[in-house]
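So the structure is just underneath, and the comments pick up after that.
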Amino acid sequence: MSGGHSHNDSQIDSGSRHNDSHKHKDKYKDKEHKHKDHKKDKEREKSKYSNSEHRDSSDKKHRDKDKERLKLKDGSSDKQKDKHKEKKKEERSFDGKPKKEKENGFESPFIKSEPENDDFYHSPKHEKSLKRERDDDDAEFKPKKIKTEESEKKAKKRKQEDEDIKPKKKTKDKKGEAATDGKKKGKKEPEEKWKWWEEERYTDGVKWKFLEHKGPVFAPPYEPIPSNVKFYYDGKHMKLSPGAEEVATFFAKMLDHEYTTKDIFRKNFFKDWRKEMTSEEKSKISDLNKCDFSEMSEYFKAQSEARKAMTKEEKQKIKEENERMLQEYGFCVMDNHKERIANFRIEPPGLFRGRGDHPKMGMLKRRIRPEDIIINCSKDSKHPKPPPGTKWKEVRHDNKVTWLVSWTENIQGSIKYIMLNPSSRIKGEKDWQKYETARRLKKCVDRIRAQYREDWKSKEMRIRQRAVALYFIDKLALRAGNEKEEGETADTVGCCSLRVEHLTLHQEMDGQEYVVEFDFLGKDSIRYYNKVPVEKRVFKNLQLFMEDKEPEDDLFDRLNTSILNKHLQELMDGLTAKVFRTYNASITLQQQLNELTTSEDNVPAKILSYNRANRAVAILCNHQRAPPKTFEKSMLNLQTKIDAKKEQLADAKRELKSAKADAKVRRDEKSKKAVESKKKAVQRIEEQLMKLEVQATDREENKQIALGTSKLNYLDPRISVAWCKKFGVPIEKIYNKTQREKFAWAIDMAEKDYEF
DNA sequence: CGAGTGACTTAGAAATGTTAGC
DNA sequence: GCTAACATTTCTAAGTCACTCG
């Protein structure tokens, strides 16, 4: 990031943030009805405010949309094409490989056009076809094949691998590696690991040429509860039909959860439950409050206790069974490589748990059957078999998508997928590409910032709004903020969907001018609360945007994510709102690491620095967590340990002193040695104490902040890898096993001088 | 355009596994 | 060995964004 645009410190000062979403939600509760007609509001606003002039123009209320539309047309767009081309060549990855940012846009299915590839998997002779092109310039739909000695070798290597398709050293790893973690072991990758990042990529929207898998694992069938576990209605025992009973158990299992006390949850549950009842049950059971699930609840608690109390052997058996399932269903073959599947189990039926004030919480999530399932695989693969006596909904062979299995979920009607693990080629490439796009933004961010600052002065309202929104997205790392269907989901917003009620303007606050106070619920109903000093021009614009609006009106009434992203696309190929989050997160990490790391520090201190840098990012991105339930207690425990250690240190020092005195008097070898060993002891204890104190600081600072999300999704792993190499910190201290698998590409390729 | 949808990434909570300290 | 604390994994909801269709 260059001058003039640094993230304000208050961002990094957690003091101004709260994770107090409860209160907050209440605050908005009564307003819910108000913005029901959101879309209409927007329309109304538009015609009301469609002026592109300043607020003092007297006739602003009557400027109309059509005028604006005209402007829109003659105004900006379509240099797009040239820019597009211009930029395409611009970026090559640091390893010298040509790079592509866009994968889609080519229609014809690849497989058909290259019949020689059809038997690709079965006859690994066709090594050529393995190569994938990384450069998409002018990509005719047939990718070029660059043949080099290097890739020839690789192809051979691949061939070997195929012969013995084994998951990459799975089980042994678990114990072996986990146990030695943090000790020696180090970055040594097992020999057979496939380095997909050294190969060419598909460039024409084709995601794979061969895909074979075993299909999903279905949820286990419902097991009726024993007949001595009773359900009571209005105090009287009632034997439920299996269907009704199953749904009842879903509720019983959640009885201890706050959800079941919420009105909407209960209402939705009861409505859906009744649908599963026999007509007889339906006529009897008319009030949820008269239902007594407590025996069921107790039964399940007992069950889980029993599970905990199982013997080692029993547990081992279960573990083995899980492992067997994993081996059978947890992997697929994609283009000659065995790859791990992320979620091969179908989501079991249950009660929908939305986040925040979700209008659909408590609804029944129905059981998924084979008839609901679409299978995606290669034509020439061994198709997965549906369970006996059932059929798949469909089997298709679409190699333009990455999923293996899909079904439509009944709560929102959206599609769910089974896809590959983050360590897979297909996910890894995409991830890598994401960071490359962010790095390209780094190169032109100054230009873009200059532009939006200029646009704050535009005479067109829509441009000003766009520019202010972009400023927020850049400075505060806000999400884009798509509009959502009213009443279908919790009321949450992002940048473009902010409403007037989410901002408070303060001409002056705490000695700072032009402060904007944000208070809204974002993704997952996590509260975003922040007070930000902004530039005068932004402030004035906000006043203008808010003028004559109701609290529930849209702040940016002439803007949405589609308009914004179209604009961004013109500024840089592949640029969208979320790229700013990635860019700002990664650049912040890099800066913070530079600032905070001291080469003389020991490893724990360096790790603290790393965590602090990571934390700065998490704060920027507003990644919060509920403070762990045991937080206070564990903090107290730690303090006790520290005190004890201090005590111990004092003792050791006393002993050292007396040993010294002793040595002075006796002047013999033995007492000298004693002094030495006491000295060592003191040192050791001091080190231990420091370690504990560092730990305490780290934990305290982390109370409500979740580091995982940014580490996994926003921080270019090569920054962390380079940092580890540069400062001699073992990579295992930063990334656990799963993370190392996901970031294998970065660990392999980043050197200590890597710069984001 | 604008609504709807499909595919994919990002997200925090809950479940489960591991470890350290008694 | 037991258990509480902590770390990791799993789960699936909730976003983003491109595309299609009328």
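Naming convention: chains lettered A, B, ... in sequence-line order (proteins, then strands); numbering from 1 in each chain.
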Point to revise | Nearest-Å distance for atom pair NE2/P, residues A/H623 and B/dA13 | key: 12 Å

Review point. Which residues satisfy the side-chain contact (heavy atoms from CB on, under 4.5 Å) test with A/I374, sequence neighbours excluded?
Key: A/K393, A/E394, A/R396, A/W403, A/S406

Exercise for review: Would you indicate, yes or no, if B/dC8 has its OP1 or OP2 atom less than 4.0 angstrom from a side-chain nitrogen or oxygen of A/T402?
Suggested key: yes

**Study point:** Qualifying residues under side-chain contact (heavy atoms from CB on, under 4.5 Å), relative to A/R581, sequence neighbours excluded
**Key:** A/A477, A/R479, A/C621, A/H623, A/Y714

Report, one pair per line, the protein and nucleotides 9-11 of chain C atoms (nitrogen or oxygen only) whose separation is under 3.5 Å.
from	atom 1	to	atom 2	distance (Å)
C/dT9	OP1	A/T738	OG1	3.0
C/dT9	OP2	A/T738	OG1	2.0

Check your understanding: Partners of A/E313 by salt bridge (Lys or Arg N to Asp or Glu O under 4.0 Å), sequence neighbours excluded?
Key -> none

Check your understanding: Got more than 12 heavy atoms from elsewhere within 6.0 Å of NZ, A/K317?
Key -> no

Revision key, fill the gap. From OH of A/Y417 across to C1' of C/dA14 the rounded distance in Å is 14 Å

**Study point:** Qualifying residues under side-chain contact (heavy atoms from CB on, under 4.5 Å), relative to A/E320, sequence neighbours excluded
**Key:** A/Q316

Point to revise | Nucleotide C/dA13, atom C1' - distance to CD of A/E488 in whole Å | key: 15 Å

Exercise for review: To the nearest Å, give me how far apart CE (A/M254) and P (B/dA13) are.
Suggested key: 15 Å

Exercise for review: For A/K416, check side-chain contact (heavy atoms from CB on, under 4.5 Å) against everything at least two apart and list the hits.
Suggested key: A/E347, A/W407, A/E409

